[in-house]
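First comes the structure, then the notes that go with it.
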Amino acid sequence: MKFFIDTASLADIQEAYDLGIIDGVTTNPSLMAKESISGDDAVIAHYAKIADIVDGDVSAEVISTDFEGMKAEAEKLAEIAPNIVVKIPMIREGVKALSWCYRNGIRTNCTLVFSAAQAMLAAKAGATYVSPFIGRIDDINWNGMDLIAEIAEVYAVQGFETEILAASIRNSRHIVEAAKAGADVVTCPLSSYEGLFKHPLTDIGLEKFLADHKKANS
Ligand code: E4P
């Protein structure tokens, strides 16, 4: 399973990349705003910097909601670097844009997916990735992980090639559950990956090893 980092923070991307566990990056307009990136030129320059740090795919999201606008943005974003993937929302015009991108060799990530039915549409339209939002489903007291399992089943039975990118992942347990449910990729903030390191028995064990070593060598 691939690990993507869900942020527009260059410091977090560099830190995750230095750890050697990161295969790509996802961003969204909220994450760009959080880093105070605004204006077309600044946005393009920021995506170029991210695409330069990582070798893997970098999702850059369109902000238009009509087909012509999304098409124009997709062309512009795809020109930034070969590892840019255009992120397009799961709306009717978005599906048209996904299909157009597929026919024109632009790779895409279909975002804001909340049902297996929407995931099928994304696959039919030729999306490279589909992004079901796990945490936001959990937020309304449904089970986000059930959706990953359902999409994985449908895609396997039907032979769809779109990769399942489990998004809106909020903690390290989500990462493990998404892996079990059949996600091809997870995307989450650095803090969720940091949770993977932690186990109290590791800390206790290391403390004991070091104490015994000290005793034997004093
Ligand atoms: C992924 O592509 C989304 O940008 C992201 O995972 C959304 O996460 P959130 O629900 O924590 O905002």
Side-chain angles (χ1 to χ4, degrees), residues 1-38 42-63 77-78 80-90 106-114 122 127-139 144-145 147-148 151-152 162-199:
M1 186 172 72
K2 285 182 263 186
F3 283 3
F4 286 1
I5 184 164
D6 194 33
T7 184
S9 156
L10 297 179
D12 281 5
I13 293 167
Q14 188 64 60
E15 169 63 15
Y17 191 70
D18 290 347
L19 276 171
I21 58 164
I22 290 301
D23 303 293
V25 179
T26 52
T27 63
N28 63 39
S30 305
L31 294 171
M32 293 292 273
K34 199 171 158 195
E35 299 304 313
S36 307
I37 312 295
S38 63
V43 166
I44 298 282
H46 199 73
Y47 283 139
K49 282 182 198 160
I50 296 175
D52 203 36
I53 297 174
V54 299
D55 302 322
D57 288 345
V58 174
S59 288
E61 187 159 344
V62 299
I63 43 140
L77 292 169
I80 299 172
N83 54 339
I84 290 284
V85 171
V86 180
K87 205 170 174 191
I88 296 177
M90 170 39 72
I106 295 176
R107 294 181 309 128
T108 53
N109 173 358
C110 179
T111 189
L112 289 168
V113 166
F114 293 93
T128 312
Y129 298 101
V130 65
S131 288
F133 277 37
I134 302 316
R136 293 192 195 188
I137 294 176
D138 289 355
D139 288 346
M145 224 43 83
L147 176 58
I148 299 292
I151 297 172
T162 299
E163 290 190 56
I164 303 168
L165 196 170
S168 188
I169 293 277
R170 306 271 175 78
N171 54 57
S172 53
R173 192 64 215 162
H174 266 159
I175 298 174
V176 176
E177 292 296 330
K180 282 164 60 182
D184 300 293
V185 190
V186 285
T187 192
C188 49
L190 187 57
S191 56
S192 303
Y193 290 119
E194 276 162 354
L196 292 176
F197 285 99
K198 292 180 191 149
H199 199 290

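These numbers were taken from a predicted model, which means no experiment stands behind them. Nothing fancy with the numbering, it's 1 onward along the sequence.
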(message) How close do Leu77 and Ala60 get, counting heavy atoms only, and between which atoms?
(response) CD1-O, 3.6 Å

(request) Mind listing the closest non-hydrogen atom pair of Ile5 and Tyr193 along with its distance? (result) CA-CE1, 4.3 Å

(message) Please check this pair: side chain of Thr108 against backbone of Cys110, looking for a donor-acceptor N/O pair closer than 3.5 Å.
(response) no

(request) Look at the side chain of His46 and the backbone N and O of Ala8, then say whether any donor-acceptor pair between them is shorter than 3.5 Å. (result) yes

(message) With a 4.0 Å cut-off on N to O distance, would you call Arg107 and Asp57 a salt bridge?
(response) yes

(request) Give a yes or no on whether a salt bridge exists between Arg173 and Glu177, defined as a side-chain N under 4.0 angstrom from a carboxylate O. (result) yes

Polar contact flag, side-chain donor to acceptor under 3.5 angstrom, [X]-[Y]:
X: Thr26; Y: Ser59; value: no
X: Asn171; Y: Ser192; value: no
X: Tyr129; Y: Asp184; value: no

(message) More than 12 heavy atoms of other residues, nucleotides or ligands under 6.0 Å from CG of Leu19: yes or no?
(response) yes

(message) Pair Val62, Lys87 - check side chain to side chain contact (heavy atoms under 4.5 Å, CB included), show working.
(response) CA-CA 6 Å; Val62 299; Lys87 205 170 174 191; over 6 Å; no

(request) Applying side chain to side chain contact (heavy atoms under 4.5 Å, CB included), run through Lys49 and Leu10 and close with a yes or a no. (result) CA-CA 8 Å; Lys49 282 182 198 160; Leu10 297 179; 3.7 Å; yes

